[in-house]
Amino acid sequence: MSLAIRVIPCLDVDAGRVVKGVHFENLRDAGDPVELAAEYYRQGADELTFLDVTASSSHRQTMVDVVSRTAEQIFIPLTVGGGVRTPEDVDSLLRCGADKVGVNTAAINDPTLISRVADRFGNQVLVLSVDARREQGEQHTQSGFEVTTMGGRKSTGIDAIWWVKRAEELGAGEILLNSMDADGTQQGFDLEMIRAVRKEVNIPIIASGGAGKAADFPPAIEAGADAVLAASIFHYGKVTIGEVKDELRRAGYTVR
């Protein structure tokens with residue numbers, strides 16, 4: 001368990017614009033990821049995650065521009081994921097100001113990507129993003145949890161618990177564990193899944209998917225997460241980062 005619990009807003013960026021609607025009264029342009037990042041920095045976010053959801057690689061330069069402009073304004077760790085396929089992609093994002101880089105599908109297709117990135121840049125740079133859910137249909141995994149791609153639409157048949165263990169062995173520095181069952185429900189984090197992953201890995205776990213209110217966050221930490229990530233409840237102003245930190249403090253956890 002890392003010392004202070006980290007609270008991390010996540011922004012989905014498509015062609016340089018924030019996708020999920022954001023409602024902050026004081027923002028001139030709610031679609032500008034740089035302005036939003038600065039707002040979250042003011043609110044006390046410990047880190048920030050950008051997820052580039054642009055399908056085409058032609059917008060890669062747009063994301064590089066967003067990251068470099070953000071890095072000039074905020075002074076907390078910045079993680080960028082989405083469409084990262086090679087160590088060269090990682091290199092370009094680190095050079096423009098990212099602190100960590102998230103990989104997902106490309107690592108499933110070629111697990112050596114994890115070790116190649118970790119060997120070249122250090123494992124603290126590599127965040128393995130895992131979109132996991134309870135198994136469905138014909139696919140059976142030993143743990144009952146499977147890895148998905150395409151935002152949870154495509155099953156891989158890979159056991160999610162086996163995959164996080166393998167990723168740690170290959171050099172992943174952190175697991176961003178996104179529960180596709182809980183995602184968007186706002187009914188709370190998937191505590192069973194967090195516990196199952198915590199039993200098997202020693203690296204930090206960022207819990208994602210399901211947050212609906214400030215009281216949902218402490219149970220995720222109790223289940224074994226080192227950090228908590230959310231998107232829409234922060235963007236819509238339903239819960240502030242300060243309120244989440246107050247709730248964590250009340251539950252006896254150290255926050256920055």
Hey, are the side chains of [X] and [Y] touching, using non-hydrogen atoms and a 4.5 Å cut-off?
X	Y	answer
N202	E168	yes
L51	V13	no
V18	D12	no
K100	Q124	no

Exercise for review: Keeping the roles fixed (side chain from D159, backbone from W162), state whether a donor-acceptor pair exists under 3.5 Å.
Suggested key: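 Here the side-chain-to-backbone pair exists.
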Point to revise | W163/T156 under side-chain contact (heavy atoms from CB on, under 4.5 Å): CA gap, chis, key distance, verdict | key: CA-CA 11 Å; W163 177 230; T156 63; over 6 Å; no
Point-to-point distance, once rounded to the nearest 0.5 Å, from [atom1] of [X] to [atom2] of [Y]:
X	Y	atom1	atom2	result
N123	L126	CG	CG	8.0 Å
Q142	H140	CD	NE2	13.5 Å
R166	L128	CZ	CG	12.0 Å
L3	R256	CG	CZ	8.5 Å
S143	E200	OG	CD	9.0 Å
I206	R6	CD1	CZ	5.5 Å

Donor-acceptor side-chain pairing of [X] and [Y] below 3.5 angstrom:
X	Y	value
Q186	K238	yes
T148	D131	no
D181	S179	no
S155	E146	yes

Are [Y] and [X] connected in a single hydrophobic cluster, I mean Ile/Leu/Val/Met/Phe/Trp/Tyr linked by side-chain heavy atoms less than 4.5 Å apart?
X	Y	value
V19	L176	no
V147	I161	yes
L229	L191	no
V101	I8	no

Between [X] and [Y], does any side-chain N to carboxylate O distance fall below 4.0 Å?
X	Y	result
D110	R85	no
R120	E88	yes
D190	R134	yes
R69	E72	no
R250	D246	no
R42	E39	yes

Exercise for review: Could you go through the side-chain contact (heavy atoms from CB on, under 4.5 Å) check for V67 and L78 one step at a time?
Suggested key: CA-CA 8 Å; V67 173; L78 181 59; 3.9 Å; yes
Exercise for review: With F50 as reference, evaluate L93, T70, T79 under the side-chain contact (heavy atoms from CB on, under 4.5 Å) test and give the passing residue.
Suggested key: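 The side-chain contact (heavy atoms from CB on, under 4.5 Å) with F50 is passed solely by T70 among L93, T70, T79.
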**Study point:** P9: which of L36, T49, I241 passes side-chain contact (heavy atoms from CB on, under 4.5 Å)
**Key:**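 The side-chain contact (heavy atoms from CB on, under 4.5 Å) with P9 is passed solely by I241 among L36, T49, I241.
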Point to revise | Residues V130, V164; criterion side-chain contact (heavy atoms from CB on, under 4.5 Å); working and verdict | key: CA-CA 8 Å; V130 181; V164 294; 4.0 Å; yes
Check your understanding: How far apart are the C-alpha atoms of V244 and F234, what are their side-chain angles, what is the distance that settles it, and do they pass the side-chain contact (heavy atoms from CB on, under 4.5 Å) test?
Key -> CA-CA 10 Å; V244 170; F234 290 145; 3.8 Å; yes
**Study point:** Contacts of F189 that satisfy ring-ring contact (aromatic ring centres under 6.0 Å, His included) - sequence neighbours left out
**Key:**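 Partners of F189 by the ring-ring contact (aromatic ring centres under 6.0 Å, His included) criterion, ordered by chain and then number, come out as F217.
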